[in-house]
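Following: one structure in structure tokens, then a few remarks.
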Amino acid sequence: MDKSWMHSDRRSKAYEFGVEAFLNFAVENLLTTTHICCPCVKCVNLKLFGVGIIRDHVYFNGIDQSYKNWTFHGEPWEATTNASRNVEEDDGHSRYSFVSEEIDMDDNDFGDFGSDPYEFANVIGDGDQPVYPGCRKYTKLSALVKLYNLKAKHGMSDVCFTELLILQGDLLPEGNTIPTSMYEAKKTLCALGLSYEKMHACPNDCILYRKEYEDSTNCPTCGISRWKEGKDSILKESVPAKVVWYFPPIPRFKRMFQSHETFKSLTWHAARKSIDGQMSHPANSPSWKLLDDKWPEFGNEPRNLRLALSSDGFNPHSSLSSRYSCWPVILVTYNLPPWLCMKRKFMMLTLLISGPKQPGNDIDFYLEPLIDDLKSLWVGIRGVYDAHNGEYFTLRAALMWTINDFPAYGNLSGCVVKGYKACPICGDDTPSHRLKNGHKICYIGHRKWLPINHPYRRQRAAFNGKPEYGIPPEPLTGEEVLHMVENGDRVCWKKKSIFFDLEYWKYLPVRHALDVMHIEKNVCDSIIGTLLEIPGKNKDGIAARLDLLNMGVKTDLQPKYGERRTRLPPEPWNLSRAEKREVCNSFYGMKVPEGYSLNIKNLVSLQDS
């Protein structure tokens, strides 16, 4: 492409035609008109804008004439890819392996610095430069990464870290390369960091201030101001009331294929599929096979990615605040083998939704930028370099399902998860019953999922006093769910999930998966609490016995009222003191492999059983 217009007068026709050709080239390669790096002399590809703003910047500020290879706008840069390939040493490990070992990262987490030759050259220089003349153990980059890791691990403030850098510089010999401020350290580490977008959000979870709302100062839905209100009730201009951090996954997916070792792991599934009929990996699942069969052009390319999305709320302030809830959204790459795909360094953080309250059913608004990227990945990202085969290819990816606990399942899928119709499989026919004394709703139709000749189906006294002859209902397909929510049949559905914006989502047989850990923990807590009669966790009490009496089940266990206290007849599962002590001694003396769990001994009180 002719780039001579970059040196022309900005008032000339050649410059005008060149700008339009450049913008068309960028849109064609990046498949977006709203998030493009601005190449003007002020932004120098560090800021993302829409096509209109970039056109204005290039006219008013001029284009950066040193930007000769348009790598940020889809043009491949052969020298960079050769340099990135030469970075890897003969043993297959990156020369920056100290970084991944120190902060538990994979090579793809280093960001997309391979796309900028100048930035890449700076990283190579810092990686080779000793921290002081004659030092062989640490380079400038390795020392800085270790210091920054200490800052993150122990929660140092920026001021404290700056003073530590100054002290380190004074302690080391003259000529050392330790930066003297937090700002200089960030500039050095920015090439290794993840690029992110800081988006403003409505405090009421109505919208993200992006696309058509980018310049708005008030929420068009609720009318609340975009800016934070101070203690004096005066709005602080340019200080957002709520912020969302978005970490684009596409540059990191590109980076994964620039590592020979990671490439081998990403295509592992193509040659090692199960032949014994057992599902040992998602590659053996019906969802994976459906993508291969329904879209053969997608399934025939082993480099195309299959993803899962997981999200849940957590409290970053621990015990300091009991109401704060922060929501990370993480992508998991299932192309990797079982021993790698769930490792921490291969889990990709894409969104961080700040608190103080959880987004709830409005989480769809925060997922919009991620869904846009997933749409682009399904269409295909051209010009991705495969370092193993030495070629460029079009990368595609599909989201197979989400993983979450039951409340988050309701937020992401739009399904009702509490009340009389809380079962996502049974829907309108959920066998629910409200307990008069326990003030909760219980669900008592579990036996219909047992085999038709199972003895539990015929037992009456051990369950609800009735035999069970029903058959389990068939789960709704994605197309049936979409038809229901679009036609207003929302008895069991709160909303249309944003995931239905993905072309393939309605065809997937499994769209949402429950996190087994949450279910196992809650069931275990209830069983142990009831067996050992732990206060606050015991499910057996006066209210439970009265509800059994109202249902006509196990009437011999009803409470016995005396003059001074009410006595509960013993049940078959009640343990004596000696039996409780025996159970606690078993836990107290339990030994497990290192790293399997915390020290259970510290959680056992032999005195209280």
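Here the structure is a predicted model, which means the values were calculated and not measured.
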Measuring only between side-chain heavy atoms, which start at C-beta, is Pro249 closer than 4.5 Å to Met348? yes
Exercise answer: donor-acceptor pairs, residues 425-436 side-chain atoms, under 3.5 Å, sequence neighbours excluded:
residue : atom : partner : partner atom : Å
Thr430  : OG1  : Gly427  : O            : 2.7
Ser432  : OG   : Tyr420  : O            : 2.9

Can you tell me if Thr402 and Asn404 form a side-chain donor-acceptor pair at under 3.5 Å? yes
Would you say Lys495's side chain and Asn361's backbone share a donor-acceptor pair under 3.5 angstrom? yes
Would you say the side-chain atoms of Asn522 and His518 include a donor-acceptor pair closer than 3.5 Å? no
Given 3.5 Å as the limit, does a donor-acceptor pair link the side chain of Asp386 with the main chain of His388, or not? yes
With sequence neighbours left out, write down each residue that passes side-chain contact (heavy atoms from CB on, under 4.5 Å) with Val417, or none if nothing qualifies. Phe406, Tyr409
Does any N or O in the side chain of Asn389 come within less than 3.5 Å of the main-chain N or O of Glu391, such that one atom is a donor and the other an acceptor? no
One pair to check against ring-ring contact (aromatic ring centres under 6.0 Å, His included): Trp505 and His512. What are the steps and the verdict? CA-CA 11 Å; Trp505 190 255; His512 303 278; 5.7 Å; yes
Between Val481 and Trp493, is any pair of side-chain heavy atoms under 4.5 Å apart? yes
Roughly how far apart are Cys37 SG and Leu30 CG, rounded to 0.5 Å? 8.0 Å
Could you tell me whether a side-chain N or O of Thr34 sits under 3.5 Å from a main-chain N or O of Gly50, the two making a donor and an acceptor? no
Roughly how far, to the nearest 0.5 Å, is OH of Tyr334 from CG of Leu340? 14.0 Å
Any non-hydrogen side-chain atom of Tyr366 less than 4.5 Å from a side-chain atom of Glu368? no
Do Thr221 and Ile207 come within less than 4.5 Å of each other through their side chains, counting heavy atoms only? yes
Can you name the residues that form a ring-ring contact (aromatic ring centres under 6.0 Å, His included) with Phe257, not counting sequence neighbours? Phe393
Under a 3.5 Å distance rule, please check whether Asn29 uses its side chain to pair with a backbone N or O of Glu75 as donor and acceptor. no
Spatial distance of atom OG (Ser413) from atom CD1 (Ile498) [nearest 0.5 Å]: 13.5 Å
So how far is it from Phe263 CZ to Trp268 CH2, rounded to the nearest 0.5 Å? 15.5 Å
Given the side-chain rings of Phe22 and His73, with only the six-membered ring counted for Trp, is the space between their centroids under 6.0 Å? yes
Donor-acceptor pair, side chain of Asp205 and main chain of Asp362, under 3.5 angstrom: no
Counting C-beta onward and ignoring hydrogens, is there a side-chain heavy-atom pair between Leu48 and Ile36 closer than 4.5 Å? no
Taken to the nearest 0.5 Å, the spacing of Phe298 CZ from Glu301 CD works out to 9.5 Å
Could you state the interatomic distance from CG (Leu502) to CG (Leu508), rounded to the nearest 0.5 Å? 9.0 Å
With the threshold set at 4.0 Å, does a side-chain nitrogen-carboxylate oxygen contact exist between Glu468 and Arg458? no
Step through it carefully: locate the ring centre of Tyr196, locate the ring centre of Tyr246, and say whether they are under 6.0 Å apart. no
Quick one: does Arg306's side chain have a donor or acceptor within less than 3.5 Å of a partner on Ala283's backbone? no
So Thr267 and Arg303, do their side chains get closer than 4.5 Å, heavy atoms only? yes
Would you list the pairs meeting ring-ring contact (aromatic ring centres under 6.0 Å, His included) in which at least one residue belongs to residues 200-223, sequence neighbours left out? His200-Trp227
Got a sec, which residues hit ring-ring contact (aromatic ring centres under 6.0 Å, His included) with Tyr443, two or more places apart in sequence or on another chain? none
Under a 4.5 Å cut-off applied to non-hydrogen side-chain atoms, are Arg226 and Cys202 in contact? no
Under 3.5 Å, side-chain donor or acceptor atoms of residues 353-360 against the rest of the protein: list the pairs with distances, not counting sequence neighbours.
residue : atom : partner : partner atom : Å
Ser354  : OG   : Val243  : O            : 2.7

Does Lys254 make a cation-pi contact with Tyr385 (under 6.0 Å, within 45 degrees of the axis)? no
Tell me, do Tyr469 and Lys448 make a side-chain contact under 4.5 Å, heavy atoms counted? no
Ionic contact status for Asp372 with Arg210, cut-off 4.0 Å: yes
Report yes or no: does Arg457 contribute a side-chain atom to a donor-acceptor pair with the main-chain N or O of Gly470 at less than 3.5 Å? yes
Main-chain N/O of Phe500 paired to Ser497 side chain as donor or acceptor, under 3.5 Å: no
Any salt bridge between Lys521 and Asp525, counting N to O under 4.0 Å? yes
Before accepting this row, confirm whether a basic side-chain N of the pair Glu229/Lys236 lies closer than 4.0 Å to the acidic partner's carboxylate O. no
Only one of Phe499, Trp401, Trp378 forms a ring pair (Phe, Tyr, Trp, His ring centres under 6.0 Å) with Tyr504, so which one is it? Trp378
Any side-chain to backbone donor/acceptor pair from Asn304 onto Ala397? Under 3.5 Å, distance only. no
